Amino acid sequence: IQTGTSTIQYGLDLKQIDELPVTNQSAVQILGLLPGVQGGMGSEQAAITTGLTTPGAGLSISGSAQGTVQFQADGVSNTSLYYGRIALALSTDAVAEVSVVQNSYSAEYRSGGGAVVSMTTKSGTNQYHGTMFSFSQNDILNAAPWERYRAKGEIRYWRGGIDVGGPVAIPKLYNGRNKTFFFANYEPLRQFTQSQYFDRMATPLERQ
């Protein structure tokens with residue numbers, strides 16, 4: 001509770017972000033777990049019927065209209081002007097803190113409608129640290145859905161990633177300890193899905 005201002009603010013730290021189960025490791029999915037947030041989170045994956053990807057554009061915070069939420073990353077605007085979506089959707093492995101500011105926030109946020117979503121990315125430290133991970137799903141290991149017991153359909157899903165950070169150091173040229181740091185995050189996605197359906201056809205007698 002902030003007694004000196006009427007601003008309402010919710011936040012999630014690094015430990016909470018790491019422990020939350022979110023879809024495709026997208027930091028936008030975290031927002032759906034915070035108070036006052038409604039609507040579709042969206043996805044960076046294009047559907048068959050449209051090539052448009054609008055993560056965050058369907059959010060409504062504190063009753064605001066969709067597309068009016070302002071997104072920021074490290075203090076810089078991260079809002080797409082055309083769709084009102086988040087311009088660069090960050091991975092949960094690249095985010096250190098997420099906060100949502102509602103109601104009577106500072107004038108520095110300017111164009112924020114219902115709320116301002118601020119994300120702080122991770123930074124390197126004086127020691128080199130890295131993470132490598134892999135998530136996979138295959139229909140060979142899946143059971144058939146109960147409504148289609150004779151066919152499972154193909155599901156090939158793989159998402160991997162690597163995070164690495166530390167001081168910038170070039171042997172015999174530059175030592176960036178306590179001065180210059182870096183952090184990098186890369187997460188490729190490979191997905192193929194195919195569904196099979198069965199339906200009953202009318203018999204010749206029924207057609208007559």
Side-chain angles (χ1 to χ4, degrees), residues 7-14 16-18 20-124 133 135 157-165 181-193:
T7 300
I8 301 175
Q9 181 171 352
Y10 303 98
L12 293 172
D13 57 25
L14 179 59
Q16 293 172 307
I17 294 173
D18 285 340
L20 288 173
V22 293
T23 306
N24 289 335
Q25 301 292 107
S26 174
V28 178
Q29 303 293 328
I30 298 175
L31 303 177
L33 305 175
L34 297 176
V37 181
Q38 295 183 349
M41 301 299 112
S43 173
E44 284 284 4
Q45 297 176 242
I48 296 177
T49 55
T50 175
L52 302 178
T53 56
T54 55
L59 290 178
S60 172
I61 302 180
S62 296
S64 65
Q66 295 179 343
T68 60
V69 177
Q70 181 180 352
F71 298 94
Q72 289 197 341
D74 295 330
V76 180
S77 177
N78 191 24
T79 308
S80 173
L81 298 178
Y82 190 74
Y83 290 110
R85 52 158 280 181
I86 184 171
L88 176 61
L90 301 173
S91 165
T92 55
D93 288 285
V95 173
E97 184 180 2
V98 177
S99 66
V100 178
V101 182
Q102 310 175 30
N103 184 43
S104 304
Y105 37 77
S106 173
E108 66 178 294
Y109 297 117
R110 304 181 308 279
S111 60
V116 178
V117 176
S118 298
M119 298 184 182
T120 304
T121 59
K122 294 180 181 178
S123 61
F133 57 89
F135 301 99
Y157 176 93
W158 177 82
R159 185 183 188 93
I162 182 172
D163 310 318
V164 61
F181 310 97
F182 77 94
F183 179 82
N185 168 259
Y186 176 65
E187 297 185 19
L189 171 65
R190 304 291 182 265
Q191 183 174 5
F192 173 79
T193 303

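Because the structure is a prediction, the values reported are computed rather than measured.
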Interatomic spacing from [atom1] in [X] to [atom2] in [Y] - rounded to 0.5 Å:
X: L88; Y: T79; atom1: CG; atom2: OG1; answer: 11.5 Å
X: Q72; Y: T120; atom1: CD; atom2: OG1; answer: 9.5 Å
X: M119; Y: N78; atom1: CE; atom2: CG; answer: 8.0 Å

For residues [X] and [Y], determine if any side-chain heavy atom of one lies less than 4.5 Å from a side-chain heavy atom of the other.
X: T121; Y: E97; value: no
X: V164; Y: F183; value: no
X: I61; Y: V100; value: yes

Please name all residues satisfying side-chain contact (heavy atoms from CB on, under 4.5 Å) with Q38, sequence neighbours left out, ordered by chain then number.
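None.
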Under 3.5 Å donor-acceptor, K122 side chain and D93 backbone
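Present.
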Using the rule side chain to side chain contact (heavy atoms under 4.5 Å, CB included), only one of V116, L90, L31 pairs with F71; which is it?
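So the option named by the test is L31.
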Between F135 and F133 (judged by ring centroids, cut-off 6.0 Å), do the two rings come close enough to count as a pair?
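Aromatic pair counts; centres sit under 6.0 Å.
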Measure across R85 and P55 and return the closest heavy-atom pair with its distance rounded to 0.1 Å.
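Heavy-atom minimum between the residues: CB-O, 3.2 Å.
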Of all residues at least two apart in sequence or in a different chain, which pass the side-chain hydrogen bond (donor to acceptor under 3.5 Å, both in side chains) check with E187?
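Partners of E187 by the side-chain hydrogen bond (donor to acceptor under 3.5 Å, both in side chains) criterion, ordered by chain and then number, come out as S91, R159, N185.
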Listed by chain and number, what are the ring pair (Phe, Tyr, Trp, His ring centres under 6.0 Å) partners of Y157, not counting sequence neighbours?
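Result, ring pair (Phe, Tyr, Trp, His ring centres under 6.0 Å) vs Y157: none returned.
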